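Below is one structure, written out as structure tokens; comments come after it.
Fair warning: this is a prediction, and the values are worked out from it, not measured in the lab. We number each residue from 1, following the sequence as shown. First listed ligand is number 1; within each ligand, the first listed atom is number 1.
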Amino acid sequence: MSLLDIAGTPRWLHRFVLGYEPIAESMSIAGGDPAEFLLEPVTAAAVDYGHAWVLLDSGFDVATVRDPERRAAQYNYDSYTAVVPPGDPLVDQTRHAGLDWNLLAGCAISHLHLDHSGGLRLLAGGPPVIVQRREWTFATTVADRRHAYAPGDYRRPGLDIRLIDGDTPLAPGLTALDTHGHTPGHQSFRIDLPDRTVVLACDAADLRANIVERRRCGTTTDPGLAAAAQRAIERLHALDRIDGIEVWPGHDPAWWAWQRPGRYPVPTERTKK
Ligand SMILES: [Zn+2]
């Protein structure tokens with residue numbers, strides 16, 4: 001029995017790039033160069049069942065990004081800032097993909113960092129929002145801007161937050177995988193498409209090199225989470241070696257899927273490696 005009431009199986013995965021952020025390589029990958037910056041895509045996806053869909057992650061809150069005061073308070077620090085395209089990228093890209101918000105069956109958020117939680121503004125009064133319990137506990141008791149969390153994004157009246165513990169089937173062919181370490185309750189997502197499986201690593205592996213070279217993410221909420229982050233990357237590396245499974249990094253500017261947003265599988269498709 002899965003959490004969301006959806007019949008059928010996933011037919012397509014829609015790939016979204018909702019903005020960009022400058023990130024030091026050392027933040028993305030353990031052992032990376034702290035002086036080299038990557039302009040990393042802020043990614044999200046939709047699992048499309050034809051008659052229903054599920055949103056995975058949600059990008060920045062563009063209203064905050066466009067308000068100078070709120071932006072300064074929340075998004076600009078050290079060398080970090082949020083870069084967003086014109087319009088409302090989540091609304092615009094889901095429309096372009098042909099997705100109807102009335103058919104949205106649920107949303108799952110990998111973790112509540114502010115580059116993943118901003119789209120929750122569109123979900124008040126809407127379908128369930130699924131988060132790992134450990135993530136929610138941290139996000140609502142400890143986390144603030146210092147941890148790159150924006151509590152205003154997720155402590156929003158009208159959100160139907162559902163908490164899960166570890167690996168959990170969310171809908172047919174869609175499973176949450178425990179990959180905590182980057183944050184206390186980070187999760188990745190496994191999507192079983194008709195002829196292949198995609199695993200969205202999200203921030204358990206920003207870059208493809210994390211997965212291939214088994215190098216954990218460069219930042220963890222707490223240094224004590226480094227061992228968990230390494231276990232998460234070992235898990236993703238092992239999945240990626242299985243025939244028919246592709247593990248996609250969450251923020252890799254060089255990863256093909258985030259260079260050409262669109263539907264997957266696509267007619268002229270590429271595969272990993
Ligand atoms: Zn993150």
Side-chain angles (χ1 to χ4, degrees), residues 16-30 32 34 37-45 55-61 64-65 74-84 90 107-120 129-132 134-140 142-154 176-189 199-211 215-226 228-233 236 247-253 255 258:
F16 306 133
V17 174
L18 303 178
Y20 296 87
E21 51 193 357
I23 301 282
E25 189 190 54
S26 59
M27 291 188 69
S28 282
I29 190 162
F37 280 78
L38 302 170
L39 187 61
E40 298 193 355
V42 171
T43 66
L55 178 65
L56 303 177
D57 280 338
S58 71
F60 298 117
D61 179 350
T64 302
V65 171
Q74 199 169 103
Y75 281 111
N76 297 339
Y77 52 90
D78 298 335
S79 4
Y80 185 82
T81 194
V83 178
V84 292
L90 182 56
C107 169
I109 302 290
S110 61
H111 65 305
L112 290 164
H113 274 162
L114 51 73
D115 52 336
H116 297 257
S117 61
L120 294 177
V129 174
I130 300 160
V131 181
Q132 289 282 331
R134 270 194 292 211
E135 184 71 8
W136 185 254
T137 301
F138 175 75
T140 54
V142 178
D144 61 24
R145 186 188 116 136
R146 290 166 302 163
H147 308 94
Y149 285 66
D153 281 358
Y154 49 86
L177 305 177
D178 174 8
T179 49
H180 77 279
H182 174 63
T183 62
H186 184 281
Q187 58 187 345
S188 301
F189 303 108
V199 173
L200 296 176
C202 306
D203 288 16
D206 278 1
L207 309 178
R208 182 69 189 157
N210 294 76
I211 299 159
R215 290 161 68 189
R216 67 168 173 80
C217 54
T219 51
T220 54
T221 302
D222 179 290
L225 285 169
Q230 187 62 39
R231 281 196 298 277
I233 206 66
L236 294 168
V247 181
W248 294 6
H251 284 287
D252 193 337
W255 182 243
W258 310 128

| query | Of all residues at least two apart in sequence or in a different chain, which pass the side-chain hydrogen bond (donor to acceptor under 3.5 Å, both in side chains) check with T221? | reply | none
| task | Check the Zn ion (ligand 1) and write out every protein N, O or S atom at under 2.8 Å, as residue and atom. | result | H111 NE2, H113 ND1, H182 NE2, D203 OD2
| query | Residues in side-chain contact (heavy atoms from CB on, under 4.5 Å) with D222, at least two apart? | reply | L225
| remark: By side-chain contact (heavy atoms from CB on, under 4.5 Å), A205 pairs with (sequence neighbours left out) A201, N210, I211, I233, L236
| message | For the residue pair Y75 / E21, report whether a side-chain donor-acceptor contact shorter than 3.5 Å exists. | response | no
| request: Please confirm whether the backbone N or O of P249 pairs with a side-chain atom of R208, one donor and one acceptor, at under 3.5 Å? | output: no
| query | What orientation do H111 and H116 show, parallel under 30°, tilted 30 to 60°, or perpendicular over 60°? | reply | tilted
